[in-house]
2 protein chains.
Amino acid sequence: MEQTVETARSEFIEKLGLIMQTEGLPRTAGRIMGLLVWEGTPVAFCDLATELQISRGSVSTATRLLEDKFMIKRVTKAGERQDYFQLAPKSYETMVSDLSRQFRRKSDDLRSTLDDVPECAADIRARVNGYADMLSSLSEKIGELAREMD
Amino acid sequence: MEQTVETARSEFIEKLGLIMQTEGLPRTAGRIMGLLVWEGTPVAFCDLATELQISRGSVSTATRLLEDKFMIKRVTKAGERQDYFQLAPKSYETMVSDLSRQFRRKSDDLRSTLDDVPECAADIRARVNGYADMLSSLSEKIGELAREMD
DNA sequence: TGTTTCGTTCAGTACGAAGTAAACATTCCA
DNA sequence: TGGAATGTTTACTTCGTACTGAACGAAACA
């Protein structure tokens with residue numbers, strides 16, 4: 001019975017690794033997130049390496065990446081030399097508003113290519129804006145969700 | 001003056017290539033989309049190859065991929081042996097509802113790992129569901145947008 | 001029927017990203 | 001001060017994916 005929970009745990013971790021890979025993050029970072037979500041409590045640096053069977057170097061780069069994105073938080077324990085990690089507060093909210101920002105940036109980036117396109121090429125402008133509009137609508141909707149989350 | 005429009009065109013195409021790459025599609029497919037968005041009218045198979053400076057093989061696989069996703073449409077012209085391509089009707093709407101579906105699938109996939117987790121592990125269940133909820137909320141919001149688009 | 005024009009498929013290649021291992025820097029403790 | 005523990009950095013390796021180029025098959029034309 002305990003066996004199946006263990007299986008579920010590693011399944012969840014692996015799945016989250018794959019999912020976050022599709023979001024453009026390294027799989028390792030996703031697996032770390034998975035472990036931290038499952039555990040809930042702070043997990044030691046070395047435990048991440050041993051449990052996920054990855055090198056300390058990978059743990060270092062991945063945790064730093066996740067820290068920079070405010071998805072996890074590095075904490076310390078009194079009398080403990082090791083670093084511990086746990087989910088950052090509002091981590092999901094952060095992820096969602098980050099996604100919103102990504103779409104916004106893409107939209108703006110595309111629209112900026114129209115700077116040198118004269119007014120007369122209205123049809124081209126309309127089509128490019130159409131794509132950019134889709135992206136900004138996505139950004140808007142997702143931003144809305146982010147605001148609803150706290 | 002024409003020069004700058006040409007520059008804007010290739011900039012747009014390259015940018016869309018990069019953007020669609022972040023969405024998990026091959027860059028080539030994104031550049032094809034970019035060309036088709038810019039032009040608006042059907043573009044010949046061979047013109048895709050020469051204008052984007054890619055092999056016919058790449059054109060073949062990328063167009064097939066985009067066709068399968070209902071993002072572009074293959075059309076023919078009377079008396080013309082070449083295939084032509086243009087944006088599919090409702091292509092943006094399709095892309096958005098596809099995105100919604102992706103998040104839905106991820107959410108369901110994650111939640112399914114809880115099947116073997118007993119009720120007593122309520123804290124674990126809550127955390128996993130928290131992540132899945134974020135994904136399904138995204139799916140929901142984006143699906144909403146898709147419905148608003150037609 | 002032979003030839004040309006197309007699009008597809010597939011083997012090979014190139015490239016980039018991610019992970020490893022080891023060297024390194026720093027901190028803590030004896 | 002010496003040494004162990006801890007995290008970071010970097011050179012190298014691995015792996016997957018995307019692209020090329022050529023062979024192939026099918027269809028149109030002559």
Side-chain angles (χ1 to χ4, degrees), chain A residues 10 13-36 42-69 71-86 102, chain B residues 10 13-36 42-69 71-86 102:
Chain A
S10 50
I13 290 172
E14 293 307 318
K15 278 182 184 176
L16 202 53
L18 289 175
I19 287 175
M20 296 194 64
Q21 190 169 36
T22 70
E23 317 279 344
L25 292 164
R27 168 133 45 125
T28 295
R31 301 206 302 155
I32 289 175
M33 273 294 288
L35 184 49
L36 297 183
V43 177
F45 187 99
C46 279
D47 289 344
L48 289 177
T50 56
E51 292 218 44
L52 301 176
Q53 306 186 57
I54 57 181
S55 67
R56 285 184 306 150
S58 285
V59 173
S60 179
T61 53
T63 50
R64 197 142 112 72
L65 176 69
L66 292 170
E67 256 189 306
D68 290 348
K69 288 186 164 294
M71 292 168 62
I72 69 174
K73 198 163 171 296
R74 188 182 303 246
V75 296
T76 52
K77 293 193 175 185
E80 276 268 15
R81 293 180 58 180
Q82 266 192 92
D83 291 355
Y84 282 74
F85 298 95
Q86 63 185 20
Q102 282 174 32
Chain B
S10 50
I13 291 172
E14 293 307 319
K15 278 181 184 175
L16 202 53
L18 290 174
I19 287 175
M20 296 195 62
Q21 191 169 36
T22 70
E23 317 279 345
L25 291 165
R27 168 134 44 126
T28 296
R31 302 206 303 154
I32 288 175
M33 274 293 288
L35 185 49
L36 296 183
V43 178
F45 187 99
C46 278
D47 290 343
L48 289 177
T50 56
E51 291 219 46
L52 300 177
Q53 305 186 58
I54 56 180
S55 68
R56 286 183 306 147
S58 286
V59 173
S60 178
T61 52
T63 50
R64 197 143 112 70
L65 176 68
L66 293 170
E67 256 189 305
D68 289 349
K69 287 184 165 294
M71 291 169 63
I72 69 175
K73 198 163 173 294
R74 188 182 304 246
V75 296
T76 51
K77 292 192 175 186
E80 277 267 16
R81 294 179 58 179
Q82 266 191 95
D83 290 356
Y84 283 74
F85 297 95
Q86 63 184 19
Q102 282 174 31

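Proteins come first, then strands; the chains are lettered A, B, ... in the order of their sequence lines, and each starts at number 1.
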Looking at residues at least two apart in the chain, or sitting in another chain, which of them share a side-chain hydrogen bond (donor to acceptor under 3.5 Å, both in side chains) with [X]?
X        : result
Ser60(B) : none
Ser10(B) : none
Thr76(B) : none
Thr63(B) : none

Salt bridge (charged side-chain N to carboxylate O under 4.0 Å, His left out) contacts touching residues 46-64 of chain A (sequence neighbours left out):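 The answer is Arg9(A)-Glu51(A).
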Any residue meeting side chain to side chain contact (heavy atoms under 4.5 Å, CB included) with Glu67(B), in chain and number order, not counting sequence neighbours: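 For Glu67(B), the residues satisfying side chain to side chain contact (heavy atoms under 4.5 Å, CB included) (neighbours in sequence not counted) are Ile72(B), Arg74(B).
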Test side chain to side chain contact (heavy atoms under 4.5 Å, CB included) applied to Ala62(B) - qualifying residues, sequence neighbours left out: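 Side chain to side chain contact (heavy atoms under 4.5 Å, CB included) list for Ala62(B), sorted by chain: Thr28(B), Ala29(B), Ile32(B).
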Roughly, in whole Å, what's the span from [atom1] in [X] to [atom2] in [N]?
X        : N       : atom1 : atom2 : answer
Leu18(B) : dG16(C) : CG    : P     : 13 Å
Asp83(A) : dA25(C) : CG    : P     : 19 Å
Leu48(A) : dG7(D)  : CG    : C1'   : 13 Å
Leu65(B) : dG7(C)  : CG    : P     : 18 Å

Gln82(B), nearest nucleotide to its side chain (from dT8(C), dG7(D), dC6(C)):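 Per side-chain heavy atoms of Gln82(B), the pick is dC6(C).
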Any residue meeting salt bridge (charged side-chain N to carboxylate O under 4.0 Å, His left out) with Glu14(B), in chain and number order, not counting sequence neighbours: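 By the salt bridge (charged side-chain N to carboxylate O under 4.0 Å, His left out) rule, Glu14(B) matches Arg31(B).
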Under-4.0 Å side-chain N/O to phosphate OP1/OP2 contact, Arg64(B) with dT9(C):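 Yes, Arg64(B) has a side-chain N/O under 4.0 Å of OP1/OP2 on dT9(C).
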Give me, pair by pair, the N or O atoms of the protein and of nucleotides 25-29 of chain D that are less than 3.5 Å apart, along with how far apart they are.
residue: dA27(D); atom: N3; partner: Arg81(B); partner atom: NH2; Å: 3.3

Pair pattern of DNA chain D in dot-bracket, where unpaired bases get dots and | marks partners in another strand, Watson-Crick or G-U under 3.5 angstrom: ||||||||||||||||||||||||||||||
Lys73(B), NZ atom: more than 12 neighbouring heavy atoms under 6.0 Å: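 Counting neighbours around NZ of Lys73(B), 12 or fewer heavy atoms of other residues, nucleotides or ligands fall under 6.0 Å, so no.
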Could you pull out the closest heavy-atom pair between [X] and [Y], with the gap in Å?
X        : Y        : value
Gln82(A) : Ala44(A) : OE1-CB, 3.5 Å
Pro42(B) : Val75(B) : CB-CG2, 4.1 Å
Phe85(A) : Leu48(A) : CD1-CD1, 3.7 Å
Gly30(A) : Met20(A) : CA-SD, 3.6 Å

For DNA chain C, the residues among residues 49-59 of chain A that have a non-hydrogen atom under 4.0 Å from it: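 Listed by number, they are Gln53(A), Ile54(A), Ser55(A), Ser58(A).
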Those residues of residues 19-33 of chain A lying under 4.0 Å from DNA chain D by at least one heavy atom: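 Within this stretch, nothing sits under 4.0 Å of the strand.
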